[in-house]
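Here is the naming used below: chain letters follow the sequence lines, and residue numbers restart at 1 for every chain.
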2 protein chains.
Amino acid sequence: MKKKVTIYDVAEAADVSLATVSRVINGSNVVKPATRERVLETIKRLDFKPNQIARGLATSKTTTIAVVFPQSLFGHVKDMIGGIGDTGRTLDFNIIMYTTDELGLGNPIEEVIEKVIKSRADGVVLFNNNCIDKEIDLIKKYRIPAVVVGYKISDEDICSVYVDAKSIAYDMTKQFIEQGKKNICFVRATQNLVDLNDFAKGIEEAFKDSDVTLPEDYIVDVSNHYEESYPQLKEYFDTHKHDVVLTGYDKEAVAVVNAAIDHGINVPEDMQVVGMMDTSYATICRPPLTTIHVPVYDMGAIAIRLLTKILNHEEIDEAEVPMHYTFIKRDTTK
Amino acid sequence: MKKKVTIYDVAEAADVSLATVSRVINGSNVVKPATRERVLETIKRLDFKPNQIARGLATSKTTTIAVVFPQSLFGHVKDMIGGIGDTGRTLDFNIIMYTTDELGLGNPIEEVIEKVIKSRADGVVLFNNNCIDKEIDLIKKYRIPAVVVGYKISDEDICSVYVDAKSIAYDMTKQFIEQGKKNICFVRATQNLVDLNDFAKGIEEAFKDSDVTLPEDYIVDVSNHYEESYPQLKEYFDTHKHDVVLTGYDKEAVAVVNAAIDHGINVPEDMQVVGMMDTSYATICRPPLTTIHVPVYDMGAIAIRLLTKILNHEEIDEAEVPMHYTFIKRDTTK
DNA sequence: CTGAAAGCGCTAACAA
DNA sequence: TTGTTAGCGCTTTCAG
């Protein structure tokens, strides 16, 4: 393995000091154009690639952003990775990925955060999940700039991008109630990108404001995995009936639709179903899902942009960024 | 922002030299137990987290693996991220993620590889895609240990994990031909995790070996995106008819099934469809997809394990690891 | 405009 | 068993 070419090699070959080479690669404008040219030419000729690790040590900046997310959120995160990757690349930040497993059993969140600390990432993006509060506490303790996706929060060096689950749920519920559909239920998985508590609150408030009694047990908890949620729902519909099913994620909605169809329940005639996120599940499903469109790619892009703003001490006019959502009417509602 | 505690602080507080602290955190067994205890206690008390960047500079090892993949493959890669993340975590490697966009237009592969070089990742994992050859060439040039997923190759410091697309295609085609289904077509998207050329070759050979003429234009190219491939196929079925449709990925298979159903083509009675990968699309789809199950999670895990073997100079008994696949019969075939 | 030199935080000989 | 010291490759004052 031939030795890597260093800044010293370049300096020597270009007959300047390493300080000058450093100035050139960092775009300092005090270098005489002729010298710059010579250095640049040498860099190219020697195929010199500055060692980011050394630079990181010298500047105590790694231009690296750590992204921490639970594996069960892949489906959601997937579409966000595009925004994260593109934006990171554009702004010249590396993205280092830390996954946590299903229940945080195998690798406690403490360990993951410890890795983040050790990696000296400049900032971190967190995703809403079961132990988001704990994560945020740890991050705060180490004072790492952070942005949280899917959970509304802001603090010193902490911003967030989120969808207002409460108002989504409120609006939908209100509308269904007005149509006379009062037997509404909410099917939710344990992990989600949107705040499930807020969603539930939205439903509750809509019932309260409409002076209609909230059905008992209107919340149905299912698995994150379709392979499990689908049979769960199939069994559930043996003994239950609803006018409307709201969900926290398209995947759950598809499980509902398929389980219902297997029971001879007509969707949307007998039962209406609404998904959430507008992922490919929604279009692939038959009938195609009525759902809430959330600009997931943008959420990722904004998260990264926001984080870099914190890192560069740019002014931030909105520390808690709500994402616009739209109701997409397809075939699982009337 | 309070200053980070360094190895010097620990050394001073524990009243030893920094070399001893270094020995303790690196598990050297020449340290006297009593001293070790004292150091350990101090580390804990001061909440010292060794700076990986400094360590990287000193050892010229970053314990970081770069994962490079095109965004269009994320659907496939998604399930692999689990394996990659878990295994990386277990083996104590950081995973740094580089995405390339759709057509490699915005960010030429050269730039991405350049970032990988600069990051000084110890190794890199690459995914089969349009310009995999170019990627491999670049990686070779810089002699970075690599493992390629989805494309069979091996070389000095390069290994691969793949599925034998050719034999999958061959076996399936042969079987359908024997059932008298000779009007077979292959619907493929431009990017794929399995080698599409090999797949096509498998079909061709099966036809040749069966002494049946291969239908002209048996290959149908569609978009990577369901939103586009579905209408494409809908139009395609206006003028085309097949006994059997083979696909390179479940998503395309779902598009085929949905487009067919819209045309009143009965699946599987009039047309049989086979997916590939056995992703959640296959189970969610109605009728559920007959597909080829590929252990995607394991592919990710094996890729990382293989790479660490190269990095640690462990013996590698198989440089090109074929993944086992299984034919999953569901409802889109007879 | 350019060079010399002092770190950044850690590892790894080499001494003791 | 422990300490001393010379780097790892780069940035950044401070002189010149």
Side-chain angles (χ1 to χ4, degrees), chain A residues 1-40 42-43 46-64 92 94 117-122 142, chain B residues 1-40 42-43 46-64 92 94 117-122 142:
Chain A
M1 184 124 138
K2 67 169 181 285
K3 235 178 131 304
K4 281 253 154 69
V5 5
T6 72
I7 199 169
Y8 294 102
D9 303 323
V10 177
E12 194 181 337
D15 200 28
V16 291
S17 78
L18 76 167
T20 301
V21 180
S22 176
R23 288 189 188 100
V24 171
I25 59 183
N26 289 297
S28 160
N29 52 355
V30 298
V31 184
K32 203 206 306 185
T35 324
R36 171 194 308 283
E37 276 319 307
R38 187 151 41 89
V39 172
L40 247 22
T42 316
I43 287 177
L46 265 44
D47 197 24
F48 166 63
K49 312 279 184 209
N51 183 333
Q52 282 226 61
I53 299 299
R55 187 180 295 199
L57 224 210
T59 57
S60 27
K61 282 202 188 88
T62 53
T63 57
T64 294
D92 230 19
N94 294 315
I117 313 282
K118 287 186 183 166
S119 80
R120 294 300 192 271
D122 294 336
Y142 293 103
Chain B
M1 182 124 138
K2 66 167 182 285
K3 235 179 129 304
K4 281 256 155 69
V5 4
T6 73
I7 200 169
Y8 295 103
D9 303 322
V10 177
E12 195 182 338
D15 199 30
V16 291
S17 78
L18 76 168
T20 301
V21 179
S22 175
R23 287 188 190 104
V24 170
I25 60 184
N26 289 298
S28 160
N29 52 354
V30 299
V31 185
K32 204 207 303 185
T35 325
R36 172 195 308 285
E37 276 319 306
R38 188 151 39 92
V39 171
L40 248 22
T42 314
I43 288 177
L46 266 44
D47 198 21
F48 165 64
K49 311 279 184 205
N51 183 332
Q52 282 225 60
I53 300 300
R55 186 182 296 199
L57 225 210
T59 56
S60 32
K61 284 204 185 86
T62 52
T63 57
T64 293
D92 231 18
N94 293 316
I117 312 283
K118 286 185 181 166
S119 80
R120 295 298 193 271
D122 295 334
Y142 293 103

Is any side-chain N or O of [X] closer than 4.0 Å to OP1 or OP2 of [N]?
{"X": "A:Thr20", "N": "C:dG3", "value": "yes"}
{"X": "A:Thr59", "N": "D:dT12", "value": "no"}
{"X": "A:Ser60", "N": "C:dC8", "value": "no"}
{"X": "A:Ser22", "N": "D:dT11", "value": "yes"}

For [X] and [N], give me the distance from atom [atom1] to atom [atom2], rounded to whole Å.
{"X": "B:Ile43", "N": "C:dG9", "atom1": "CD1", "atom2": "C1'", "value": "14 Å"}
{"X": "A:Lys49", "N": "D:dC8", "atom1": "NZ", "atom2": "P", "value": "22 Å"}
{"X": "B:Asn26", "N": "C:dA13", "atom1": "CG", "atom2": "P", "value": "13 Å"}

Donor-acceptor contact below 3.5 Å, side chain B:Thr42 vs main chain B:Arg38: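 Yes, the answer is positive, given that a donor and an acceptor are paired below the 3.5 Å cut-off.
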
Donor-acceptor contact present, side-chain A:Arg23 to main-chain A:Arg36, <3.5 Å: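 No.
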
Selection from [options] that lies nearest to any side-chain heavy atom of [X]:
{"X": "B:Arg23", "options": "C:dT2, D:dT2, C:dA5", "value": "D:dT2"}
{"X": "A:Lys32", "options": "D:dT1, C:dA12, C:dC1", "value": "C:dC1"}
{"X": "A:Ala58", "options": "D:dG9, D:dT12, C:dG9", "value": "D:dG9"}
{"X": "B:Ala19", "options": "D:dT2, C:dA12, C:dC10", "value": "C:dA12"}
{"X": "B:Asn51", "options": "C:dC10, D:dC10, D:dT12", "value": "C:dC10"}
{"X": "B:Val16", "options": "D:dG9, D:dT2, D:dG3", "value": "D:dG3"}
{"X": "B:Leu18", "options": "C:dT2, D:dT5, D:dC10", "value": "D:dT5"}

Nucleic acid contacts - residues 6-15 of chain A versus DNA chain C, non-hydrogen atoms under 4.0 Å: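 Of all residues in residues 6-15 of chain A, none places a heavy atom under 4.0 Å from DNA chain C.
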
Residue pair A:Asp9 / A:Val5: nearest heavy atoms and the distance that separates them: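 A:Asp9 and A:Val5 have their closest heavy atoms at OD2-CA, 3.2 Å.
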
Terminal axes of the helix from C:dC1-D:dG16 to C:dA16-D:dT1 (five pairs each): angle between them, nearest 10 degrees: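 That helix gives 40° between its end axes.
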
Any base atoms under 4.0 Å from [X], or only sugar-phosphate, or nothing? Heavy atoms, all strands.
{"X": "A:Val31", "answer": "sugar-phosphate"}
{"X": "B:Val21", "answer": "nothing"}
{"X": "A:Ile25", "answer": "sugar-phosphate"}

Under 4.5 Å between any side-chain heavy atoms of [X] and [Y], yes or no?
{"X": "B:Val16", "Y": "B:Val21", "result": "yes"}
{"X": "B:Ser119", "Y": "B:Thr62", "result": "no"}
{"X": "B:Asp92", "Y": "B:Thr63", "result": "no"}
{"X": "B:Ile7", "Y": "B:Arg55", "result": "no"}
{"X": "B:Asn51", "Y": "B:Thr6", "result": "no"}

More than 12 heavy atoms from other groups under 6.0 Å of CG on A:Asp47: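 Enclosed: over 12 neighbouring heavy atoms sit under 6.0 Å from CG of A:Asp47.
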
Partner of B:Ile53 under side chain to side chain contact (heavy atoms under 4.5 Å, CB included), chosen from A:Arg120, A:Gln52, A:Lys118: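 The passing option is A:Arg120.
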
5' precedence on DNA chain C between A:Asn29 and B:Leu57 (nearest-nucleotide basis):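 It is A:Asn29, whose closest nucleotide lies nearer the 5' terminus.
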
